[in-house]
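Throughout, a chain's letter reflects where its sequence line sits, starting with A, and its residues are numbered from 1.
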Amino acid sequence: MASGGPLTAEGYIQHHLTNLVYGQFNEGHARAQAGCEEHCVAVGDWGFAQTAEEASQMGFMAINVDTMGWSLVLGLIFLFIFGRAAKQATTGVPSGLLNFVETIVDFIDDLVRSTFQHSGNALVAPMALTIFVWVFFMNLMDLIPVDWIPFVAEHYLHIPFMKVVPSTDPNITLGMAFGVFMLIVYYSILKKGAWGFFSELAFHPFPKWMFPVNLILEGVNLIAKPVSLGLRLFGNLYAGEMIFILIALMYGGLVMSVAGGVLQLAWALFHVLVITLQAFIFMVLSVVYLNQAHDVMEEH
Amino acid sequence: MSITLTLIGQSIAFFVFVWICMKAIWPPITEAMAARQKQIADGLAAAERASLDLELAQKRATDELKDAKAEAAALVEEARQRAAQMVDEAKEDARAEGAKLLEAARADIEREVNRARETLRKDVAVLAVAGAEKVLGQAVDAGAHAALLDDLAKQL
């Protein structure tokens, strides 16, 4: 614990759910106020938040260094593995790595071919591959026992907080969903024109004279896509992580430790499914949304 | 757990990774896969063609073998006929030669017989005269009995 206080269940959970935040201090921070005695900072300074409270006071001007960092590391691992395979790519007998990568690529390719009906878009399939593998890697961090990396970080690297599962951070999941959303808007405008995109939102499903109602309905519909996309992944992984943390709380005493071990194993095995499924759902829905963005509707 | 700059950072990372994947990872892998697929398809087609060719060649070989066998049989048959014919001809020749030889021998014998008969005839006259002389105790004029002697000789 960074605070050094007694280890309570509540404190333990709180600690596990707190990001390592690098952000801008403002007037709300105790350390930036006049009565500050040690480790003082000025308003407008950037620095690491030492407590969960400080982190939440930073508001928008902050970066979750841990989840963002893990997300980037996992994304780079994805690029490294698949990049190596791409460099090895040969028409001859494929090596083990290439074989493995090709299996995934083929799977994604088939899926995109059957889901995405419009030809001539070179972005959708690589995007689906990136989303699937990246999200899968991010979710996979959930299977690492909850205390391993935070313990090492805290005791050997003196990093007070370390949340290792990027997809339990809504910033990460919504960030990706927002990226997909921007692509949806971009391709909608590219394929239908700005007016076509607007009329799709305004003159549908009711007649034209009811366009305010249409606009609200379709607007909600449009916004709901990235929000549901991001929150679904976040919710599932957050809940999974929470259960791992609660199971981790059981350890101590022989009976409870054994029960905890069994529970953890069972939940981890079940979670393997959740991890894969959520990565898959995120990818498929992204492809479906982009497919819809390419659909040019006939005039009503 | 508030929304922070992380969201924007993740969005940027998302675009960068997707872009890298689109430029450097997806095309080489899918192209290699498509090329390999084509190679395998070509290979299979070639194998099929080859096996078809093989089948045809085998059929042709069988046909040719059959033809050759038939030809050989015909040749053997012809040779046998020819041999039989030659044997027949030889037999015929031999028979004709034999007949000719027999004929010649017969003619020789005839001639010998005639000659012997001729000689005999001449001798008969002399012997008859000599015998008659012995019987009669006197010389017989051969001239006087020429007609008689000729008669005798003719009876031989």
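- Between A:Leu183 and B:Phe14, some side-chain heavy-atom pair lies under the 4.5 Å cut-off.
- In this structure, A:Ile63 and B:Thr4 have side chains that are not in contact, with every pair of non-hydrogen atoms separated by 4.5 Å or more.
- For B:Phe17, the parts lying near chain A are the backbone and the side chain together; criterion is any non-hydrogen pair under 4.5 Å.
- Proximity to chain A (any heavy atom under 4.5 Å) is restricted, for B:Ala24, to the backbone atoms N, CA, C and O.
- Of the residues considered (A:Ala122, A:Gly23, A:Ala62), A:Ala62 shows the highest number of contacts with chain B, using heavy-atom pairs under 4.5 Å.
- Contact tally against chain B (heavy-atom pairs below 4.5 Å) for A:Asp109, A:Leu174, A:Val65: the top residue is A:Asp109.
- Only the side chain of B:Ile8 comes within contact range of chain A, with heavy atoms under 4.5 Å apart.
- In this structure, the separation between CD1 on B:Ile25 and NZ on A:Lys87 is 10.0 Å, given to the nearest 0.5 Å.
- To the nearest 0.5 Å, atoms CD1 (B:Ile20) and OG1 (A:Thr130) are separated by 9.0 Å.
- A:Leu129 CG to B:Thr30 OG1: the interatomic distance, rounded to the nearest 0.5 Å, is 10.0 Å.
- Atom CD of B:Gln37 has 12 or fewer heavy atoms from other residues, nucleotides or ligands within 6.0 Å.
- You'll find the side chain of B:Gln10 reaches within 4.5 Å of the side chain of A:Met68, heavy atoms only.
- Sparse packing is recorded around CZ of A:Phe178, with 12 or fewer heavy atoms of other residues, nucleotides or ligands lying under 6.0 Å away.
- Listed here is the closest heavy atom pair of A:Thr91 and B:Gln39: O-OE1, 3.3 Å.
- Proximity to chain A at a heavy-atom threshold of 4.5 Å picks out nothing from residues 63-100 of chain B.
- More than 12 heavy atoms of other residues, nucleotides or ligands sit less than 6.0 Å from atom CZ of A:Arg232.
- With a 4.5 angstrom heavy-atom cutoff, A:Val180 touches chain B via backbone and side-chain atoms both.
- Residues A:Phe78 and B:Cys21 are in side-chain contact: their nearest non-hydrogen atoms beyond the backbone lie under 4.5 Å apart.
- Here CE of A:Met176 is found 9.5 Å from OG of B:Ser11. Values are rounded to the nearest 0.5 Å.
- Residue A:Tyr186 places its OH atom among 12 or fewer non-hydrogen atoms of other residues, nucleotides or ligands, all under 6.0 Å distant.
- Contact check for A:Ile108 versus B:Trp26: side-chain heavy atoms found under the 4.5 Å cut-off.
- In this structure, the portion of A:Leu98 lying under 4.5 Å from any heavy atom of chain B is its side chain and not its backbone.
- The side-chain heavy atoms of B:Leu7 and A:Phe60, taken from C-beta on, include no pair separated by under 4.5 Å.
- Judged by distance alone, the side chain of A:Asn171 and the main-chain N or O of B:Ser2 form a donor-acceptor pair under 3.5 Å.
- Here A:Ser71 is the residue among A:Ala85, A:Pro166, A:Ser71, A:Gly230 with the most heavy-atom pairs under 4.5 Å with chain B.
- Between A:Pro94 and B:Arg36 there is a side-chain heavy-atom pair separated by less than 4.5 Å.
- Within 6.0 Å of CD in A:Gln14 there are 12 or fewer heavy atoms belonging to other residues, nucleotides or ligands.
- Across A:Ala89 and B:Ala32, no two heavy atoms sit closer than the pair CB-CB, 3.7 Å.
- Other residues, nucleotides and ligands place no more than 12 heavy atoms under 6.0 Å from the CH2 atom of B:Trp19.
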